[in-house]
Amino acid sequence: MGRTSVVILYITIAVLLLFLIFHSPNKTPNHRSRRLKVRSTFNFNPAASLDNKNHEHIPFDPLIADIERRREDKEWEKRYFDSSHKEIVDAPAAEAQPEWEDFMNAEDYINDEDRFNVTDRLVVLFPNIDIDPIDGYVTVHELTEWNLKQSQNDVMHRTVRDMELHDKNHDGFISFEEYEPPSWVRNSGNNSLGYNVGWWKEEHFNASDADGDGLLNKTEFNDFLHPADSNNPRLLKWLCKEEVRDTDRDGKLNFKEFYHGLFDLVRDYDIEEHNASHESDNVMEGSAKILFGQLDKDGDGYLSEEELLQIIGKLHPSERYYAKQQADYIIQQADADKDGRLSLTEMIDNPYVFYSAIFNEAEEYEYHDEFR
């Protein structure tokens with residue numbers, strides 16, 4: 001090959017390389033290129049605790065939950081601890097922390113690759129979830145238990161904050177005299193949701209007092225605020241009693257009261273199918289009569305508070321219920337081979353489902369890129 005031919009070949013190759021470089025993508029595909037999202041679990045509206053449909057998303061990652069809690073505590077202090085109360089430094093949540101922990105936005109933190117690597121984080125969390133049994137897979141049961149633990153940590157954290165507000169003598173217990181209902185209840189009058197039924201009243205307080213000493217410790221106060229999650233039989237019975245505060249005040253529910261009240265909360269039906277078929281009133285009433293008959297164990301034509309214990313979990317879903325719903329959603333979204341469980345690879349390939357799941361008003365989970 002002559003000298004001229006060699007020069008032409010090299011020039012051609014160089015032009016080709018320049019063309020490929022110029023037209024190649026600026027960066028290689030990367031699953032971290034999308035911004036991970038988290039949604040704050042904090043809600044300053046106390047009424048939301050009485051509304052099952054407004055349940056907050058359960059934080060998956062305890063590290064992220066801790067960052068969010070620190071920011072929540074700052075807002076809490078601003079709201080409640082001013083010159084008219086006590087010094088902020090007395091608050092347990094006000095202990096000195098590194099500045100980034102106090103003010104870092106959780107979303108900014110998880111998207112800062114110098115501080116947070118989502119793959120490494122899932123590798124760390126995986127063996128903490130895969131424990132029953134330890135087999136290299138995360139099941140719905142394991143994920144439910146993990147979610148429940150994270151949720152309980154969040155709930156107890158807020159309970160401790162509430163105790164701080166109500167424990168006037170700082171003895172670690174709440175008396176009924178010390179406790180004040182939330183301002184939204186006090187300001188709305190005696191016919192409000194809180195006062196018209198038994199919430200925040202002495203009967204509720206006494207039912208929460210498991211040891212009967214007239215004071216609520218941290219666990220009892222947590223049950224008082226979240227009775228649906230309590231194992232205290234007196235409190236669960238009180239919760240059922242609240243549901244039979246019926247229109248004629250006889251302490252029992254007849255079929256008419258059940259059909260026009262609780263039935264829509266406890267019946268099993270497919271929402272989409274229901275909306276599409278527009279069930280007739282006769283079909284609805286027939287289903288209600290069947291369920292009413294199943295619940296009416298003594299056959300007297302009324303539902304007592306004891307008989308309502310069978311369905312109290314549907315009337316007031318517990319944290320375990322929501323933990324299971326969130327676990328089901330995560331498995332559905334991330335289970336690539338559809339074997340009903342998650343491998344570490346499947347979790348790493350789907351980080352968004354763990355850090356972006358939210359609970360909507362229809363009690364179903366959705367995946368969203370935008371939360372704010």
Side-chain angles (χ1 to χ4, degrees), residues 29-41 55-72 97-98 100-101 104-158 160 229 231 318-359 365-368 371:
N30 187 335
H31 71 277
R32 292 292 311 279
S33 62
R34 295 173 65 188
R35 183 174 173 85
L36 287 169
K37 300 281 187 176
V38 294
R39 182 181 183 179
S40 175
T41 60
H55 188 272
E56 293 288 350
H57 161 57
I58 300 171
F60 168 76
D61 190 331
L63 174 63
I64 303 305
D66 185 61
I67 294 174
E68 290 192 307
R69 280 195 291 262
R70 293 185 192 281
R71 289 176 60 84
E72 291 166 11
Q97 301 291 342
W100 76 268
E101 291 182 340
M104 168 68 75
N105 181 294
E107 285 187 5
D108 292 338
Y109 177 71
I110 66 174
N111 286 282
D112 185 340
E113 295 190 9
D114 292 332
R115 281 185 171 147
F116 185 85
N117 182 292
V118 67
T119 298
D120 292 346
R121 186 61 185 159
L122 290 172
V123 169
V124 170
L125 292 177
F126 187 86
N128 295 320
I129 307 172
D130 175 29
I131 59 175
D132 185 23
I134 302 174
D135 59 359
Y137 294 94
V138 167
T139 63
V140 171
H141 168 72
E142 289 171 325
L143 197 52
T144 297
E145 294 300 316
W146 173 262
N147 289 339
L148 180 60
K149 181 180 178 181
Q150 309 316 311
S151 176
Q152 290 172 337
N153 289 341
D154 255 21
V155 168
M156 184 57 74
H157 182 81
R158 292 170 194 156
V160 170
D229 295 297
N231 293 320
S318 67
E319 289 298 325
R320 179 174 291 279
Y321 167 84
Y322 292 110
K324 173 65 162 54
Q325 292 291 308
Q326 186 160 315
D328 286 339
Y329 166 80
I330 288 175
I331 296 287
Q332 176 189 4
Q333 295 295 311
D335 181 18
D337 59 10
K338 304 304 177 185
D339 63 352
R341 57 188 184 175
L342 298 180
S343 65
L344 176 58
T345 299
E346 287 172 324
M347 290 180 65
I348 291 173
D349 287 345
N350 297 275
Y352 306 101
V353 74
F354 298 98
Y355 288 89
S356 301
I358 66 168
F359 207 72
Y365 279 92
E366 291 185 349
Y367 170 74
H368 288 270
F371 289 124

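Numbering of residues begins at 1 and proceeds along the displayed sequence.
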| task | Would you confirm whether Thr144, through its side chain, and Val140, through its main-chain N or O, come within 3.5 Å as a donor-acceptor pair? | result | yes
| request: Determine the minimum heavy-atom distance between Pro62 and Arg121, stating which atoms define it. | output: CG-NH2, 4.2 Å
| What distance do Tyr321 atom OH and Asp229 atom CG have between them, rounded to the nearest 0.5 Å? | 13.5 Å
| said: Run Asn350 and Ile330 through side-chain contact (heavy atoms from CB on, under 4.5 Å) and show every step you take. | reply: CA-CA 9 Å; Asn350 297 275; Ile330 288 175; over 6 Å; no
| task | Among residues two or more places apart or on two chains, list those pairs meeting salt bridge (charged side-chain N to carboxylate O under 4.0 Å, His left out) that have a residue in residues 131-150. | result | Glu145-Arg320
| said: Is it the case that the side chain of Asn128 and the backbone of Val124 share a donor-acceptor pair, with hydrogens and angles ignored and the cut-off at 3.5 Å? | reply: yes
| query | What distance do Ile129 atom CD1 and Phe60 atom CZ have between them, rounded to the nearest 0.5 Å? | reply | 4.0 Å
| request: Evaluate the side-chain contact (heavy atoms from CB on, under 4.5 Å) criterion for residues Tyr137 and Leu342: first the C-alpha distance (whole Å), next the side-chain angles of each, then the deciding distance (0.1 Å), finally the verdict. | output: CA-CA 5 Å; Tyr137 294 94; Leu342 298 180; over 6 Å; no
| Which value, rounded to the nearest 0.5 Å, describes the distance between Leu344 atom CG and Leu125 atom CG? | 10.5 Å
| request: I would like to know whether Tyr329 and Val353 meet side-chain contact (heavy atoms from CB on, under 4.5 Å); could you show each step before the answer? | output: CA-CA 9 Å; Tyr329 166 80; Val353 74; 3.6 Å; yes
| Is a side-chain N or O of Asp130 found less than 3.5 angstrom from the main chain of Gly136, in a donor-acceptor match? | yes
| field | Asp66 CG to Arg70 CZ distance, which is reported to the nearest 0.5 Å | value | 4.0 Å
| query | Is any NZ, NE, NH1 or NH2 atom of the basic residue among Arg341 and Asp335 found under 4.0 Å from an Asp or Glu carboxylate oxygen of the other? | reply | no
| query | Is there side-chain contact between Ser151 and Trp146, with at least one heavy-atom pair below 4.5 Å? | reply | no
| Under 4.5 Å between any side-chain heavy atoms of Ile348 and Val123, yes or no? | yes
| message | For Ala327 versus Asn147, what's the shortest heavy-atom pair and its separation? | response | N-ND2, 3.5 Å
| When rounded to the nearest 0.5 angstrom, what distance separates CD in Gln333 from CD in Glu346? | 12.5 Å
| message | Has Gln150 got a side-chain atom pairing as donor or acceptor with Pro59's backbone, closer than 3.5 angstrom? | response | no
| task | Please identify each residue that fulfils side chain to side chain contact (heavy atoms under 4.5 Å, CB included) with Pro127, with sequence neighbours left out. | result | none
| Which pair of non-hydrogen atoms, one from Val138 and one from Ile331, has the smallest distance, and what is that distance? | O-CD1, 3.9 Å
| Under the side-chain contact (heavy atoms from CB on, under 4.5 Å) criterion, do Phe116 and Asp61 qualify, and how do the steps go? | CA-CA 12 Å; Phe116 185 85; Asp61 190 331; 4.0 Å; yes
| query | What residues, two or more places apart in sequence or in another chain, satisfy side-chain hydrogen bond (donor to acceptor under 3.5 Å, both in side chains) together with Asn231? | reply | none
| query | Is there a donor-acceptor contact under 3.5 Å from the side chain of Glu72 to the main chain of Ile67? | reply | no
